[in-house]
Amino acid sequence: NIFPVSALEKVVWHPNDYLFAVSRPSINQIGLYRFNPNAQNITLVDTVSLMQPASMAWSPDGNYLAAGCSNHTTAYV
């Protein structure tokens, strides 16, 4: 296990790649991970600190990740 499932809020896949974002509001963080289907592994690419990320969505072209936070702010990652 990379992280405990109980710590996850939401997982969203990138529209065109093997990337996915994971919101972890308990530690005020969004993690960006890459899945390698050949090696069957997951690698952490980057993290962003946000106050209680509650929802996320990729832009249709996959260039941006928008995140809504429970404190009513929005961030573009």
Side-chain angles (χ1 to χ4, degrees):
N1 291 342
I2 293 175
F3 30 71
V5 174
S6 61
L8 305 180
E9 177 71 24
K10 186 168 187 174
V11 177
V12 292
W13 280 97
H14 186 279
N16 308 319
D17 202 349
Y18 289 108
L19 293 171
F20 63 96
V22 176
S23 70
R24 298 182 66 195
S26 62
I27 61 170
N28 297 320
Q29 184 183 81
I30 290 177
L32 181 63
Y33 297 85
R34 179 175 302 281
F35 173 65
N36 180 333
N38 297 323
Q40 294 291 302
N41 66 10
I42 295 171
T43 305
L44 177 65
V45 175
D46 200 1
T47 60
V48 176
S49 295
L50 292 174
M51 185 58 83
Q52 297 179 333
S55 63
M56 300 178 296
W58 288 99
S59 62
D61 61 7
N63 288 332
Y64 301 97
L65 177 67
C69 301
S70 61
N71 64 352
H72 306 291
T73 60
T74 303
Y76 301 97
V77 182

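By the 30° and 60° cut-offs, the orientation of the rings of W13 relative to F20 is tilted.
Minimum interatomic distance between C69 and M51 (heavy atoms only, all atoms of both residues): CB-O, 3.1 Å. Counting all heavy atoms, side chain and backbone alike, K10 lies closest to M56 at O-CE, 3.4 Å. Residues P15 and P60 approach most closely at CG-O, 3.8 Å, considering heavy atoms. Minimum heavy-atom separation, P25 to P53: CB-O, 3.7 Å.
With contacts defined as side-chain heavy-atom distances shorter than 4.5 Å, the pair H14/N16 qualifies. Contact check for D17 versus R34: side-chain heavy atoms found under the 4.5 Å cut-off. The closest side-chain heavy-atom distance from Q52 to N28 is below 4.5 Å. Contact check for V12 versus L65: side-chain heavy atoms found under the 4.5 Å cut-off.
Annotation: the span from L32 atom CG to L44 atom CG amounts to 8.0 Å, rounded to 0.5 Å. Once rounded to the nearest 0.5 Å, the distance linking OG1 of T43 with CZ of F35 reads 10.5 Å.
Following chains of ILVMFWY side-chain contacts shorter than 4.5 Å, one cannot reach I27 starting from L50, and the two form parts of different hydrophobic clusters. In the hydrophobic cluster analysis, where Ile, Leu, Val, Met, Phe, Trp and Tyr join through side-chain heavy atoms closer than 4.5 angstrom, W58 is grouped together with V45.
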Practice prompt. Check the pair R24 / I30 against side-chain contact (heavy atoms from CB on, under 4.5 Å), numbers first and verdict last.
Written response: CA-CA 6 Å; R24 298 182 66 195; I30 290 177; over 6 Å; no
